[in-house]
Chemist: 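For reference, the structure I am asking about is given below.
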Protein chains: 2
Amino acid sequence: MRKKSTERTTLEYALLGLICEVPRSGYELRKVFVETAMAGYSGSPGAIYPALRRLEAGGLVAGRARHGGPGRPGREFRLTPAGEAVLQAWLARPVTRDDVALRLDALMLRFAFLGFADSPVRSQEFLESMEAELEGFHTELEDQLETIRSAPVHARLALEAGISSIADRLRWARTVRARLNDLGEEK
Amino acid sequence: MRKKSTERTTLEYALLGLICEVPRSGYELRKVFVETAMAGYSGSPGAIYPALRRLEAGGLVAGRARHGGPGRPGREFRLTPAGEAVLQAWLARPVTRDDVALRLDALMLRFAFLGFADSPVRSQEFLESMEAELEGFHTELEDQLETIRSAPVHARLALEAGISSIADRLRWARTVRARLNDLGEEK
DNA sequence: CTCGGCATGTAATCCGTTACATGATTCT
DNA sequence: AGAATCATGTAACGGATTACATGCCGAG
């Protein structure tokens, strides 16, 4: 999955986003994944704890002991300045074609954290580039639909479902951008 | 990923579906994935060839030499009776909540091959159970939206996108079921 | 006869899953 | 003390990715 060694997994970014404002323990992070079924991430301990250790090893998060509740005392993780920088860089990334075509879930996860961006402009940029790529991908898929006229009915119908869902997400992006605009202006 | 040892990966089912009617070589299979970006599967040789060997080892496909074109002669894979049975069992599976919540892409891939099912009834069953699970998941997500009223705006908006896309897919399923019904009756 | 492109395969690495094991605190 | 519960891990394993290596044919 990693192209450059600086790349992190989606799960790692999710963790960074979740502890960005509220420090949390591994257990609390797991609960978030399990209860909200966030983007389909499973929150198995075998995924989360290793991911937290990778982040800690990279100096992006720091854990400190916490005792107070019942049961075994946990470790509470908070972002380091380096971690904050990595999170912000992630949030500021432009949306690519591959993001909308191959990793739409991860992209929406990123959007969910965009409120933590250093500037409200980030949301606008995100939505604008997302709309552009969605439009491009949409016509790409419609072209593909043309070229597979002879394909089995079910395959064509499945492709139509994909096209429809891209159109749906495009409508979402446009209305959300308008909503956020209004929110920003009336403030 | 495997719960029972009889479970196959999504990629393996995709391969079974693709060679179900037309025997193909690994290279041709790769091209399908690359060109149509099927369900976001990458079609890297490091994934496809091992998957084909697993299927061959399991007796689900059989390869035979093919020479004729230019370049290195390829091996052409076709389904064995056992492979046909596994494919049919996959196509006949009822749609579960996890299918629509966590693996919608894989589910749509399955639909794309439903035309190869042993009975046209399979499509109806598939769509009916899919509609039921989509409805259930939809209300589940709307409940979740209620309970996170205090969450950050962006997170709520992301969830709304998910809800909308489920509704969109539900509309798709209903219209497709009607369309297939008409097609079946006029025949 | 070797060069380029078609086609198959391998190796290293990494992440996620499942299932299990362990630690620490409070309640009875 | 022992059970229950909260919380953190570990081990084995499988599959996907990337990048590289190999084999075989026809054209010049």
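In what follows, chains carry the letters A, B, and so on, assigned in the order in which the sequence lines appear, proteins first and then strands, with residues in each chain numbered from 1. Just the heavy atoms: all of them, side chains too, but no hydrogens, waters or symmetry mates, feed the values below.
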Chemist: For the pair made of OH in A:Y13 and C1' in C:dC15, what is the distance, rounded to whole Å?
Modeler: 15 Å
Chemist: Salt bridge between A:R24 and A:E76, side-chain N to carboxylate O under 4.0 Å?
Modeler: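 No, this pair does not count.
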Chemist: In whole angstrom, give the distance that lies between atom CG of A:L11 and atom P of C:dC14.
Modeler: 17 Å
Chemist: Just how far, in rounded Å, is P of C:dC6 from CD1 of B:I48?
Modeler: 17 Å
Chemist: Are A:E160 and B:R179 close enough for a salt bridge, meaning some N to O gap below 4.0 Å?
Modeler: yes
Chemist: side-chain contact (heavy atoms from CB on, under 4.5 Å), that's the test. Do A:L11 and A:F33 meet it? Break it down for me.
Modeler: CA-CA 10 Å; A:L11 176 59; A:F33 285 104; 3.8 Å; yes
Chemist: Starting at atom CG of B:L15, determine the distance to atom P of C:dT8, rounded to an integer number of angstrom.
Modeler: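 Value for this atom pair: 13 Å.
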Chemist: Quick one, give me the B/S/- string for nucleotides 4-10 of chain D, reading 5' to 3', where B means a protein heavy atom under 4.0 Å from the base and S means that only happens at the primed atoms, P, OP1 or OP2.
Modeler: --BBBBB
Chemist: What is the separation between atom CD on B:E12 and atom P on D:dG14, rounded to the nearest whole Å?
Modeler: 12 Å
Chemist: Would you kindly give the CG-to-C1' distance between A:L102 and D:dA16, to the nearest whole Å?
Modeler: 13 Å
Chemist: Any chance the side chains of A:D99 and A:T96 put a donor and an acceptor closer than 3.5 Å?
Modeler: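 Indeed, the side chains of A:D99 and A:T96 share at least one donor-acceptor pair under 3.5 Å.
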Chemist: Round to a whole Å and report the spacing from CG of A:L55 to C1' of C:dC14.
Modeler: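 To the nearest whole Å, that distance equals 15 Å.
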Chemist: Calculate the interatomic distance between A:R54 atom CZ and C:dT13 atom C1'; express it in whole Å.
Modeler: 13 Å
Chemist: For a quick test of reading the model: is some side-chain N or O of A:S44 closer than 4.0 Å to OP1 or OP2 of C:dT17?
Modeler: yes
Chemist: Are A:F116 and A:W90 near enough that their ring centres are under 6.0 Å apart?
Modeler: no
Chemist: Are OP1 or OP2 of D:dG15 and a side-chain N or O of B:T9 less than 4.0 angstrom apart?
Modeler: no
Chemist: Does the pair B:E28/B:R66 count as a salt bridge with the N-to-O cut at 4.0 Å?
Modeler: yes
